[in-house]
Amino acid sequence: MVSYKKWLVEAKRQAERASVEVSAVEWLLLDFMQWTRTTLLYRGDELISETQLEQLTEALEQLLEGKPVQYITQQASFYGQTFFVDERVLIPRPETEEVVEYFLGICPNSGVVADIGTGSGAIALTIKNEKKDLDVIASDISLDALSVAKYNAQHFHTNVTFIQGDVLQPFITQNIHLDGLISNPPYIAKEEVAVMGTNVIKHEPHLALFADESGYAIYDKILKDLPYVMNANAPIVFEIGYQQGDTLMAMIKSRYPDLKPQVLNDINGHARILHMNWF
C-alpha cells in the first residue's frame, strides 16, 4: 500500500524520465480524486486503495504516452466551470476565455446569438450562463461534437439550442437571424502540422484544428454568408491565430468596405480577437 503523496513523488519521477510536464501528474491526481490542492495537503498521507491504485497507474501510463490529462480524466476547466471532454472535441483553452469575456462585454442582454463550431459547448453554455435572457444557438458540423455539447448542457441544466451543419448554412436554411455571433473555428493551416505538438496531433480532432486555404477557409465561409443572417449592428467576434489579423482584416475589407473590423490583443499581447459590428 502507498499513500497519495508517495505515489505522486514516484509518478513525477516517471514523468521527468519520460519528458512529460511534471505539473500534469499532480493535475491528473487532483482531477482523478476530485480534490483541490488543499485536500491533497491534509489527505495526502492516506493510503490508496488497490482499486484506485490500479486506476491511477493506468491513467499515469496514458499520460506518459502523451495523452492530454483532460482526455484521461474527461474534464476541462473553462470560465470557472468543469466541462466533460473526450477525443471527439477540442480541449477548451484558457485563451478562449478572454474571447468569451470580450464578447460578453459587447453582446446584447437579450436576442439571439450563435456560437459557430461549438465543440464541447463551453463557449455557448458560458454565454447562456452569464446572460440568461439571451437565446443561444450552438452549431457544429460534427455530430460527435454536438453529442458532447448536449451532454454538457444537460449536466449544467442549461437551455441552449443545438444545430448541426456547415457554419451558417443551417441558419440560412431555417431563416434564423442573429443579434450576435462568436466563433473559435478551426484556423490552423494544414502545412503547420510539422511544427505542432505530437500530443495535439495524435489526440485532438483534426476537424476542429485544421482548415484549408492556409487556415482561412472557415472564416471565409462565415464572412460570405453574414449578410443572410446578421441583424443590424450585431457584434461579430472571432478567435484568430496570432498571425492572422492582417489577412483577415484585408479579407473583410475586400468583401465589406464599410465595415470597421478591429484586432485586439490578449493578455499576453498576442492578436487573438477580431471584432466588428454588422452594418
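Numbers here simply count residues along the sequence, with the first being 1.
Note: Tyr242 and His270 have tilted aromatic rings, judged against thresholds of 30 and 60 degrees for the angle between ring planes. Under the 30°/60° scheme for interplanar angles, the aromatic rings of His206 and Phe210 are found to stand perpendicular.
Ion pairing between a basic and an acidic side chain is recognised when a charged N comes within 4.0 Å of a carboxylate O; Lys6 and Glu46 show no such pairing. Using a 4.0 Å cut-off between charged nitrogen and carboxylate oxygen, Glu16 and Arg13 do not count as a salt-bridge pair.
Grouping the Ile, Leu, Val, Met, Phe, Trp and Tyr side chains by contacts below 4.5 angstrom, directly or via other members, places Phe103 apart from Met276.
Checking side-chain atoms of Lys132 against main-chain N and O of Asn129 turns up a donor-acceptor pair under 3.5 Å. Counting only distance, with no hydrogens or angles, the side chain of Tyr71 and the backbone of Glu204 share no donor-acceptor pair below 3.5 Å. Of the possible polar contacts, none joining the Asn231 side chain to the Ala234 backbone as a donor-acceptor pair under 3.5 Å is found.
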Kindly list each side-chain donor-acceptor pair under 3.5 angstrom involving residues 159-169, sequence neighbours excluded, with atom names and distances?
{"residue": "Gln164", "atom": "NE2", "partner": "Ile141", "partner atom": "O", "Å": "2.8"}
{"residue": "Asp166", "atom": "OD2", "partner": "Lys221", "partner atom": "NZ", "Å": "2.8"}
{"residue": "Gln169", "atom": "NE2", "partner": "Asp225", "partner atom": "OD2", "Å": "2.8"}

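Under the 3.5 Å distance criterion, with hydrogens and angles disregarded, no donor-acceptor pair is assigned to the side chains of Asp179 and His177. Under 3.5 Å, the side chains of Tyr4 and Gln52 contain a donor-acceptor pair of N or O atoms. Side-chain polar atoms of Thr96 and Glu239 form a donor-acceptor pair below 3.5 angstrom. Inspection of the Ser147 and Asp144 side chains reveals no N or O donor paired with an N or O acceptor under 3.5 Å.
Other residues, nucleotides and ligands place no more than 12 heavy atoms under 6.0 Å from the OH atom of Tyr228.
With Val148 as the partner, the side-chain contact (heavy atoms from CB on, under 4.5 Å) test is satisfied by one option alone out of Arg88, Gln74, Glu87: Arg88.
Remark: aromatic rings of His275 and Tyr102 are close, center separation under 6.0 Å.
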